[in-house]
Protein chains: 2
Amino acid sequence: MNKAEKNVQRDYKKGYPSPSLQRLPLYLRQLKLYQREGVEKASCTRIAQDLGLISVQVRKDLSMTGIAGRPKVGYNIDELISRIESFLGWDKQRKAVLVGAGALGGAILGYAGFVEHGLSICAAFDVDENKIGTSIRSCPVYSLDELERFVEQNQIVIGIITVPQSVAQFVTDKMVKAGIRAIWNYSPVRLSVPSNVVCETVQLSSSFAVLSSKVKSMLAEERKTGPA
Amino acid sequence: MNKAEKNVQRDYKKGYPSPSLQRLPLYLRQLKLYQREGVEKASCTRIAQDLGLISVQVRKDLSMTGIAGRPKVGYNIDELISRIESFLGWDKQRKAVLVGAGALGGAILGYAGFVEHGLSICAAFDVDENKIGTSIRSCPVYSLDELERFVEQNQIVIGIITVPQSVAQFVTDKMVKAGIRAIWNYSPVRLSVPSNVVCETVQLSSSFAVLSSKVKSMLAEERKTGPA
DNA sequence: TTTAAAGCAATAAATTTTTATCGATTTTTA
DNA sequence: TAAAAATCGATAAAAATTTATTGCTTTAAA
């Protein structure tokens, strides 16, 4: 590894383990399920069982939030939920805009779950004249030209990118210029952003690659041992 | 970890490192970019640079596919592409159905990229009478009642789930019963499937959790050192 | 009241994944 | 034609992540 490569890597600041962070929403969902069932306490053993994990991992993950559990009892569900939510910053609403009011954009606007994660999508933007002026899922669609003004006036923090890959970097630059600080990117391109802006890309094909690999080894297995 | 927990874990067969698998589509995309530019060879150094990775990691990842590179030159791009594609099984089309012809389903049907990954979505299914009989992105929408017959008659391997979480397990069971062997799940529920069926869940909230964590540490950093 | 069981917390071990190093090979340049 | 530079492939080291172990605490049952 040469010096240039080292600098690339060092750009990311060491925080919490990413696999653990990614499991937190699973716990949250399960805990809310318990909550709806009227259960008040949950042990790691129980949570692990219900999620197909093992208890020590759950315990270690949850310890990130600083919660204390009681032996033989577990954690208080209400407290655990609010601990996780505040750990992720999901306890307060963060304002967002979405650019690209196509099918994918519409799907994200329509997914109610994100509201529970503190994501408040205030407006969508597009260049399509037929969409501008309409509402999608009660979210107004404006012209992309108005992005900058809107972001400034409404102190938007998060930008969601659901445009075709050919214009993803262009939209990113516009967002950055407008003052967006975090970008949730649904396009498959690697966006370049300044160091004071964070970015997270959803790679659907990565997920499909994992599935494909599973399929391949399943089929290979069957050729050896015969179909199930 | 008790015995029951051990069995849960052992259910998955050890294959290739999942992080490596997830990077393969990134390489593929970059390589096709080179290809369109008319470039014939690419070194790990170059690929790493363009993707923000380091060369040894790229080299190790690509070695999964069994490709041989030449020192000082790199890999032949055409060959590397077909190696990756065949490694993932993306070189031959696999037939799929999609259940849940809502916004998310429509977005997936509309994403042309998946065709390049060997994913051939033959039909969509829904229970909404207004959708049944129509076409979305030139993909016919049938009644969910017809799923089983269609899967059997057309030898469908993959099922894509884009329904609300409340019916995800119900749809899964239907798919399994019909003979689907792989499920790509876009709902946030953990699906239970028999051991001869593989399943991969897209967790959008996990991605958002990572972004949220980045935002939190960015903001915390700024409170210490002052805004950029 | 004692004993047993469940489960948390902390620490240690194992595993997986990433990164570094080194020798060999190919190309380019002197 | 020899030396230098780039990069592969393999192996070793380091770091990150997962899993195991141990001791202590709380609850419940004998």
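Please read these numbers as outputs of a predicted model, since none were measured by experiment. By convention in this document, chain letters (A, B, ...) are assigned in the order of the sequence lines, proteins followed by strands, and residues within each chain are numbered from 1.
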Q: For B/Arg23, report the nucleic acid contact type (base, sugar-phosphate, nothing); a contact means any heavy atom under 4.0 Å.
A: sugar-phosphate
Q: Using heavy atoms to find the nearest nucleotide of DNA chain C for A/Arg59 and B/Ser18 separately, return the residue whose nucleotide is more 5′.
A: A/Arg59
Could you run down the sub-3.5 Å N/O contacts of the protein with nucleotides 1-4 of chain C?
none

Q | Distance, rounded to the nearest Å, where B/Met64 contributes CE and C/dT16 contributes P | A | 16 Å
Q. Taking CG from B/Leu53 and P from C/dT17, how many angstroms apart are they, rounded to a whole number?
A. 16 Å
Q.
Whole angstroms only, please: what is the CD1-P distance between A/Ile67 and C/dA10?
A. 14 Å
Q: Output yes when B/Arg29 and B/Glu116 qualify as a salt bridge under the 4.0 Å nitrogen-oxygen rule, no when they do not.
A: no
Q: Starting from P on C/dT18, measure out to CG on B/Leu62 and report it in whole angstrom.
A: 13 Å
**Q.** Earlier contact from the 5' end, DNA chain D, for A/Val73 and A/Asp61
**A.** A/Asp61
**Q.** Which residue lies more 5' along DNA chain C, comparing A/Arg46 with B/Ser20 via nearest heavy atoms
**A.** A/Arg46
Q. Just how far, in rounded Å, is C1' of C/dA6 from OH of A/Tyr75?
A. 13 Å
Q) For the residue pair B/Phe114 and B/Trp184, does the interplanar ring angle fall in the parallel (under 30°), tilted (30 to 60°) or perpendicular (over 60°) class? A) perpendicular
Q: Return the nucleotide paired to C/dT16: Watson-Crick means purine N1 to pyrimidine N3 with N6-O4 or O6-N4, wobble means G-U with N1-O2 and O6-N3, both under 3.5 Å.
A: D/dA15
**Q.** Atom CD of A/Glu79: over 12 foreign heavy atoms under 6.0 Å
**A.** yes
Q: Please determine, for the side chain of A/Pro17, which listed nucleotide (D/dT17, C/dT21, C/dA10) has the closest atom?
A: D/dT17
Q. Atom NZ of A/Lys41 and atom P of D/dT26: how far apart are they, to the nearest Å?
A. 13 Å
Q: Could you tell me which residues satisfy salt bridge (charged side-chain N to carboxylate O under 4.0 Å, His left out) with A/Arg46, sequence neighbours excluded, listed by chain and number?
A: A/Asp50
Q) Does A/Val58 offer a backbone N or O that forms a donor-acceptor pair with the side chain of A/Arg23 under 3.5 Å? A) no
(Q) Any side-chain to backbone donor/acceptor pair from B/Gln169 onto B/Ser192? Under 3.5 Å, distance only. (A) yes
Q: Would you mind reporting whether A/Gln30 and A/Tyr34 have side-chain heavy atoms less than 4.5 Å apart?
A: yes
Q.
The side chain of A/Pro71 is closest to which nucleotide in this list: C/dT26, D/dT25, D/dA20?
A. D/dT25
Q. Of the nucleotides C/dT19, D/dT7, C/dG7, which one has an atom closest to the side chain of B/Val56?
A. C/dT19
Q.
What is the distance, to the nearest angstrom, from the CD atom on B/Gln22 to the C1' atom on C/dT17?
A. 13 Å
Q: Would you kindly give the CD-to-C1' distance between B/Gln57 and C/dT18, to the nearest whole Å?
A: 6 Å
Q. Considering only side-chain heavy atoms of A/Pro19, which listed nucleotide, D/dT17, D/dT7, C/dG7, is closest?
A. D/dT17
Q: Would you check if the side chain of A/Thr162 reaches a backbone N or O of A/Gly100 as a donor-acceptor pair within less than 3.5 Å?
A: yes
**Q.** Nearest-neighbour nucleotide for the B/Lys60 side chain, D/dT7, C/dT19, C/dG7 considered
**A.** C/dT19
